[in-house]
Amino acid sequence: MTKLKIGVLREEKNPPDKRVPLTPLICSELISKYPHIEIYIQPSKNRCYSDDEYSAFGLNLREDLSECDVLMGVKEVPVEKLIPQKKYFFFSHTIKKQAHNQKLMHALIEKKIQMIDYETLTDKNHNRIIGFGRFAGIVGAYNGILGYGKKYDLFSLKPANLCRDKAEMEEELRRVKLPNIKIALTGGGRVANGAIETLSALRIRKITPEEFLMAEYRVPVYCQLNPRDYVERPDDHNFDLNDFFQHPERFVSKFTPFTTKTDIYVSAHYWDPRAPKMFTHEDIQNPNFRISVVADITCDMDGSVPTTLRASTIAHPFYGYNLKTGTEDVAFSKETITIMAVDNLPCELPRDASDDFGKDLMERVLPFLFLEDPDRIIERASICKDGQLNMSFKYLEDYAY
């Protein structure tokens, strides 16, 4: 079998991302399992795994990756660094016609690159098979707890990005003693499941949405809300999941009762711009509005959570939403809702997030680069190839050419 050369790219987008698509251990396992694979690592001073850690596993460091067949990164590759006629894996952020990446899209076409975007890798049922969503949820919920502790001066947690790994972060959580607060979580996918991991580490009791609204508790509790719990059709107050997915504009929010019972709101659901917002600015003016901390993991600007005015950063994860004016204010004031809206949460635990991501790549994607691919996973995920958009991405024509 012909040798397949894979190159792991240095992240060159600014600010640099510390995550890697393949960790040293996963690279070693791939080579052991598939002897015809060669892996080369472009040196980097910024990634969460050092060059020495890759070298310790016998991996070759190489600045020039032009001889590699497949090139793998995390964030967008600078246009001038793209090597023509190669297979690339990274998050291109082009499939929604993002204006800031149109030059990148043009370059992918002009250089006849096969662009395999992690976001477009799906199974035969069109479900995503890889992503960093789990760690967005894990860190996002942790930040929500951290913010609540700071707001009420109850406890102090080490920021997740200063923890070595998830184990140290969970060790921090073991020191937390929460009062009998209520936490509402929206979502049912990888992101929400990651948030639940953090809440479970705190041993917070899970209750039903009905119990959440009707009963009071002496211990902290949380409920998980799925679409049928927070939207309905206005005409008959019923819910149909397929109808909601296809026509979210036909629904209205019924989340308002939860705003009077919730202390921390963790937003971890996918939001379609046609869908209703979770609550309104008018709801916030209600004297019974209780939410004091919002961990908006989805971080959609002008999205489902109207208190999210902008994305925050790992260095400065919190800001305040002034209850009276609806404008940004001091993060932990009594007159504000504390907002956490970091848009790159997995970067706070880059080693764990990279390990999780790399395992999925190794098991669910990379074998189809050289083995039979009955579900056409690689083909369907390729935005473009040989200077042409693939059929599923023809809608990008006015953006790509």
Side-chain angles (χ1 to χ4, degrees), residues 15 135-163 169 172-173 175-186 191 194-195 198-199 202 204 220 222 255 258-268 271 277-349:
F135 274 86
I138 287 170
V139 177
Y142 180 85
N143 283 354
I145 300 297
L146 185 156
Y148 191 85
K150 289 189 72 168
K151 187 178 185 77
Y152 297 104
D153 200 22
L154 295 172
F155 48 80
S156 179
L157 288 173
K158 180 188 291 189
N161 68 299
L162 298 183
C163 296
M169 190 192 79
E172 286 286 302
L173 288 174
R175 302 190 292 104
V176 170
K177 184 171 178 59
L178 284 171
N180 59 331
I181 62 170
K182 287 183 172 181
I183 302 171
L185 165 70
T186 49
V191 179
T198 295
L199 298 179
L202 276 165
I204 300 176
Y222 82 93
F255 184 74
F258 291 94
T259 66
T260 66
K261 301 291 183 178
T262 300
D263 297 288
I264 301 176
Y265 170 40
V266 180
S267 172
W271 186 68
K277 296 180 185 294
M278 298 304 293
F279 52 90
T280 67
H281 293 285
E282 288 71 27
D283 291 327
I284 297 169
Q285 301 307 314
N286 183 335
N288 295 319
F289 188 89
R290 182 165 147 182
I291 298 172
S292 62
V293 174
V294 173
D296 187 3
I297 302 170
T298 54
C299 196
D300 293 312
M301 296 304 102
D302 194 28
S304 61
V305 184
T307 52
T308 298
L309 303 174
R310 62 171 176 84
S312 53
T313 65
I314 292 174
H316 303 286
F318 301 101
Y319 59 86
Y321 176 93
N322 189 292
L323 290 162
K324 294 179 180 178
T325 65
T327 57
E328 184 172 337
D329 206 332
V330 180
F332 303 109
S333 165
K334 291 181 180 179
E335 286 74 40
T336 65
I337 303 171
T338 299
I339 309 299
M340 190 293 303
V342 176
D343 61 359
N344 57 341
L345 287 162
C347 296
E348 297 207 44
L349 290 178

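None of the values given here were measured: they were computed from a predicted structure. What you see below is based on every heavy atom in this structure, not just the backbone, and it leaves out hydrogens, waters and symmetry mates.
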Note to self: Please check: side-chain N/O of N344 versus main-chain N/O of C347, any donor-acceptor pairing under 3.5 Å?
What the structure shows: no
Next item on the list: Measure the spacing between CG of L185 and CD1 of I264 and express it to the nearest 0.5 Å.
Entry: 11.5 Å
Notebook entry, point to check: How many angstroms lie between atom CD1 of I145 and atom CD1 of I183, to the nearest 0.5 angstrom?
Noted result: 4.0 Å
Notebook entry, point to check: NZ of K150: more than 12 outside heavy atoms within 6.0 angstrom?
Noted result: no
Check: Quick one: does E172's side chain have a donor or acceptor within less than 3.5 Å of a partner on K158's backbone?
Finding: yes
Item checked: Side-chain (Q285) to main-chain (L323) donor-acceptor, under 3.5 angstrom -> yes
Check: Shortest non-hydrogen contact from F255 to M278?
Finding: CB-O, 3.3 Å
Notebook entry, point to check: Side chain of K151, backbone of S333: donor and acceptor closer than 3.5 Å?
Noted result: yes
Note to self: Out of the candidates Y319, Y265, Y321, only one should pair with T307 under the side-chain contact (heavy atoms from CB on, under 4.5 Å) rule; please name it.
What the structure shows: Y321
Check: Under 3.5 Å, is there a donor-acceptor pair between the T308 and D296 side chains?
Finding: yes
Check: With under 30° as parallel and over 60° as perpendicular, where do the rings of Y152 and Y148 fit, or are they tilted in between?
Finding: tilted
Next item on the list: Answer yes or no: is there a side-chain heavy-atom contact under 4.5 Å between L157 and L173?
Entry: yes
Checklist line | Distance-minimising heavy-atom pair for A311 and D343 | finding: CB-OD2, 3.7 Å
Checklist line | Non-hydrogen atoms of A331 and T338 that approach each other most closely | finding: O-OG1, 2.6 Å
Check: Distance from N143 atom CG to M340 atom CE, nearest 0.5 Å?
Finding: 5.0 Å
Item checked: Heavy-atom closest pair, residues A295 and G144 -> CB-CA, 4.0 Å
Notebook entry, point to check: With distance as the sole test, does R310 use its side chain to make a donor-acceptor pair with the main-chain N or O of A341 at under 3.5 Å?
Noted result: no
Check: What are the two closest non-hydrogen atoms of Y222 and I204, and how far apart are they?
Finding: CE2-O, 3.6 Å
Item checked: Nearest-0.5 Å distance that lies between atom CD1 in I284 and atom CD1 in I337 -> 5.0 Å
Checklist line | From CG (N288) to NZ (K261), nearest 0.5 Å | finding: 8.5 Å
Next item on the list: With R290 as reference, evaluate D263, T259, T262 under the side-chain hydrogen bond (donor to acceptor under 3.5 Å, both in side chains) test and give the passing residue.
Entry: D263
Next item on the list: Would you check if M169 and L349 make a side-chain contact, meaning some heavy-atom pair closer than 4.5 Å?
Entry: yes
Checklist line | Non-hydrogen atoms of T198 and I138 that approach each other most closely | finding: OG1-O, 2.7 Å
